[in-house]
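Presented below is the structure to which this report refers.
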Amino acid sequence: MSRILIVEDEAHLADGLRFNLEAEGHAVDIESDGQKALDRLLADRDAYDAVVLDVMLPGKNGFTVVKELRGAGHYVPVLMLTARSRPADVLQGFEAGADDYLPKPFELQILLARLRGLLRRRQWMLQNQHEHEQLTFAGKTLDLEALELHVGDKAYQLTQMECDLLQYLVRNVGRPVSRKAILEDVWDLQEDTDTRAIDNFIVRLRRYLETDPTKPKHLLTIRGVGYKFVE
Ligand code: CA
């Protein structure tokens, strides 16, 4: 059984989700206000195994909630509900620190499957502390299950999306990858999306990876193309 917090102010939607998640054997709470959801999550950090977070909320919107949550070092998996008509929302959600997203209106079965994915990942993380899949490059180790990047004796906690992007770039070592390829392959976005969000992600990853983030030696910008990872 997992404990799930649904943050959604549309009562019929929240109740429908609760009904179905409880039918799957989970314990579910509902919060309709962004600020209250944030307070609740920060008050007891182990209270929930996953959060389903809507963007449009009273009190504080979903982007701000997840951003402040991550800012406080709280890494509970967050599935964000975004507006289908606004792919930019998806990127904003990832930038803020969401782990996965689902555009509204969504199929219930898809939501349940995505949530199962997040919960399974968390279970692995909690149970197999010593058998994590790791990626080593340039003297750094990326732990793909704990979502941690180890640089020397420092460990950085990455969001799922930061981890996925870094993994993608590292697996394509030496090869330039376009922003479009990143959108499609990493985030499954095919729309014409504002790609500046990717640049913001790269800026963040450089802060973890580069000795001098203003003079990157690993995460290179390839003008007119995109990015390239070199060891
Ligand atoms: Ca809402």
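Remember, it's 1-based here, ligands and their atoms both numbered in the order they're listed.
- Annotation: cation-pi pair Arg171/Tyr168 absent, no NZ/CZ under 6.0 Å from the ring centroid and within 45° of its normal.
- Nearest N/O/S atom of Glu8 relative to the Ca ion (ligand 1): this is OE1.
- Geometry at the Ca ion (ligand 1): OD2/Asp54 and O/Met56 form an angle of 80°, nearest 10 degrees.
- In this structure, Lys60 places its NZ atom where more than 12 heavy-atom neighbours from other residues, nucleotides or ligands lie under 6.0 Å away.
- Nearest heavy atoms, Leu209 versus His218: O-CD2, 4.0 Å.
- The N, O or S atom of Asp9 with the smallest distance to the Ca ion (ligand 1) is OD1.
- Look at Lys217 and Asp212 and you find no salt bridge, because none of the NZ, NE, NH1 or NH2 atoms lies under 4.0 Å from a carboxylate O.
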